[in-house]
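Encoded as structure tokens, the structure appears first; notes follow it.
Just the heavy atoms: all of them, side chains too, but no hydrogens, waters or symmetry mates, feed the values below. In this text the structure is predicted, and so the values were computed from the model without any measurement. Every chain is numbered from 1, with letters handed out A, B, ... down the list of sequences.
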There are 2 protein chains.
Amino acid sequence: MVMRARILVIEDELAISDLICMNLEAAGYESAAFYNGNDAADALERDASYDLALLDVMLPGRDGFSLLPLLRGKKIPVIFLTAKGDVASKVKGLKSGAEDYIVKPFEMLELLVRIEKILERAGKKREECIRIRDVCIYPERRQVTRGGTEVALKPMEFDCLMMFVRYKNIALTREQLLAGLWGVEFDGETRTIDVHVGRIRKKLDFWDVIRTIPRIGYRLEVKEE
Amino acid sequence: MVMRARILVIEDELAISDLICMNLEAAGYESAAFYNGNDAADALERDASYDLALLDVMLPGRDGFSLLPLLRGKKIPVIFLTAKGDVASKVKGLKSGAEDYIVKPFEMLELLVRIEKILERAGKKREECIRIRDVCIYPERRQVTRGGTEVALKPMEFDCLMMFVRYKNIALTREQLLAGLWGVEFDGETRTIDVHVGRIRKKLDFWDVIRTIPRIGYRLEVKEE
DNA sequence: CGCTATTGTTACAAAATGGTTACAGAAACC
DNA sequence: GGTTTCTGTAACCATTTTGTAACAATAGCG
């Protein structure tokens, strides 16, 4: 399993919690949600391997502030989610050692940016990963996940995929791929490329992502740049 | 005439030099080759309007390093071509102000990518898309869009269009087109050209853009700027 | 206006190309 | 040495591409 930053979401409003979790997942994090302070505390006692916690101040059971020392003790940085304009909570939270706070209602993007910044500061920066649709590619680990679960790519398939990533949005000829994957002096069937592309497409559901360029070769199509 | 980036190739091995120049031309650059340091230096004194230089370290006459100050003085970025494992040269080259180096034997594609990157950094990025009316042509993607949506050009149609673009505003005879698209030794009906032109015109609404030159052939009409 | 030379358009069948599967040799791993 | 995994190749088949021919339309020209 690939190492993704794990984020604890402690928030009693289901709608907000779900929204946050969905966005975290989409951004490539792992999320775990708890809806009251007691459950969260219990969970932390069993497993404290979280990289960051999003903590609502107003909670049923133990409130947010009472969870802070526990989290601080486990060295888990905390971002407080405070109701609008609740300056008292804000100040109290920061004094108690929260890393940051964010006022509800907030922009999801802003939350993600703050999370990224804190993880970076904490040296827990997520591995550099290349995302294409629901697929994450981790070059250093030579690992690929799809929808969060690992996909077993064979070495050559991975190399091939990396070459596509390296030259994304460029039409690569079979000869270029052959030269890039085996070296210039290798003379093999260019059709071998097709087989590898077929295997990658199948495993990653990349039928539209790796486009066939007739008579030429293939091109990895990545929208956002 | 189109403003294409001009690249100076200073390399004594004819085979390598030719190969590089061919690929540069194919990629849409203009290339000028010199086979020893003295000639290159003379040429630079006369005309320094190059956008980038590929410089072999080992050269007859003045060697690569001695040319560096001249090139730097003319603000021409340099990519060193070093023999495999010649780490000393590499370090010396980069310290002397070369933008990049590449170790022989190298992948042509990689060289092209590095060139692209440096030109981009120098603000001399060549147009990655050629626009004609509402049509965008992306040569390295082998893709064409019209009004933002992709138009599926068949391989031969794309090649044909690229030939027109390459020689825009120049009347091309059917024989020239035939030779350029299939190779000189191909003997086919010249009328086949007409069919392809017809198909391109239809797909891109290019009835006025690709003008018929009676008894000769066709010409792609583009208003400069 | 006819006539001719030339170009535009369409349809089609041959050829080329790509997706897929199965498999054998190679490599890696006990 | 035996087993498993990896990977390059060949083969098969469906699809796409494309060259050509045939026919329609147009322009040039007296």
Side-chain angles (χ1 to χ4, degrees), chain A residues 141-144 150-164 171-221, chain B residues 141-144 150-164 171-221:
Chain A
R141 284 175 170 268
R142 292 182 64 89
Q143 260 175 337
V144 176
E150 184 173 349
V151 178
L153 283 196
K154 308 220 186 306
M156 186 53 79
E157 289 162 12
F158 187 86
D159 290 339
C160 191
L161 177 63
M162 285 311 295
M163 176 142 182
F164 278 118
L172 294 170
T173 67
R174 291 192 173 74
E175 286 70 25
Q176 287 173 329
L177 285 161
L178 217 57
L181 292 171
W182 283 280
V184 279
E185 68 282 352
F186 178 82
D187 73 323
E189 278 299 321
T190 57
R191 291 301 310 282
T192 302
I193 297 294
D194 299 29
V195 179
H196 285 295
V197 167
R199 301 207 253 245
I200 294 170
R201 277 175 168 164
K202 194 162 166 185
K203 287 186 179 180
L204 302 180
D205 193 27
F206 266 13
W207 271 279
D208 296 334
V209 179
I210 301 180
R211 298 259 312 252
T212 302
I213 314 297
R215 303 251 331 250
I216 301 295
Y218 300 91
R219 179 186 61 204
L220 183 80
E221 198 144 290
Chain B
R141 293 183 190 209
R142 284 198 133 245
Q143 197 177 32
V144 176
E150 183 173 350
V151 179
L153 284 196
K154 306 223 185 304
M156 188 54 81
E157 289 161 12
F158 186 87
D159 290 338
C160 190
L161 177 62
M162 285 311 294
M163 177 143 181
F164 278 119
L172 293 169
T173 67
R174 291 191 174 74
E175 286 70 23
Q176 287 173 327
L177 285 161
L178 217 57
L181 293 172
W182 281 279
V184 279
E185 70 284 352
F186 178 82
D187 71 323
E189 279 298 322
T190 57
R191 291 301 312 285
T192 302
I193 296 294
D194 299 28
V195 179
H196 284 296
V197 167
R199 300 207 254 243
I200 295 169
R201 278 174 167 164
K202 192 161 162 188
K203 287 187 179 179
L204 301 181
D205 193 25
F206 266 14
W207 273 281
D208 295 335
V209 179
I210 301 179
R211 297 277 294 267
T212 302
I213 313 298
R215 322 211 59 230
I216 302 295
Y218 300 92
R219 177 182 43 152
L220 182 80
E221 199 146 288

Distance in angstrom units between A/Arg215 CZ and D/dT18 P, rounded: 5 Å
N or O in side chain of A/His196 less than 4.0 angstrom from D/dT7 OP1/OP2: no
Any B/Trp207 side-chain N or O less than 4.0 Å from OP1/OP2 of C/dT7: no
Side-chain heavy atoms of B/Trp182 within contact of B/Thr192, under 4.5 Å: yes
Distance-only donor-acceptor check, side chains A/Thr173 and B/Arg142, under 3.5 Å: no
Least distance between heavy atoms, A/Ile193 atom then A/Arg174 atom: CG1-O, 4.1 Å
A/Lys202 side chain near C/dT20 phosphate (N/O to OP1/OP2, under 4.0 Å): no
B/Arg191 vs D/dA22: side-chain N/O to OP1/OP2 distance below 4.0 Å: no
Side-chain N,O (A/Trp182) to OP1/OP2 (D/dG8) below 4.0 Å: yes
Nearest-angstrom distance from the residue atom NZ of A/Lys154 to C1' of C/dA26: 15 Å
Below 4.0 Å: OP1/OP2 of C/dG8 and any side-chain N or O of B/Thr212: yes
d(CZ, B/Phe206; P, C/dG8) in whole Å: 16 Å
Phosphate OP1/OP2 of C/dT6 contacted by B/Tyr218 side-chain N/O (<4.0 Å): no
Length of the line joining A/Glu189:CD and C/dT17:C1', which is rounded to integer Å: 14 Å
Separation of atom CD1 in A/Ile210 from atom C1' in C/dG18, rounded to whole Å: 14 Å
Distance, rounded to the nearest Å, where B/Met156 contributes CE and C/dT17 contributes C1': 13 Å
Length of the CD1-C1' vector between A/Ile216 and D/dT17, whole Å: 13 Å
Between D/dT20 (P) and B/Arg174 (CZ): distance, integer Å: 14 Å
Note, A/Val197 side chain near A/Phe164 side chain (heavy atom, < 4.5 Å): yes
Short side-chain N/O contact from A/Arg199 to OP1 or OP2 of C/dG19, under 4.0 Å: no
C/dG19 phosphate, OP1 or OP2, under 4.0 Å from A/Arg201 side-chain N/O: yes
Sugar-phosphate only, base, or nothing, as touched by B/Val197 at under 4.0 Å among non-hydrogen atoms: nothing
Nearest heavy-atom neighbours spanning B/Ile210 and B/Leu220: CG1-CD1, 3.8 Å
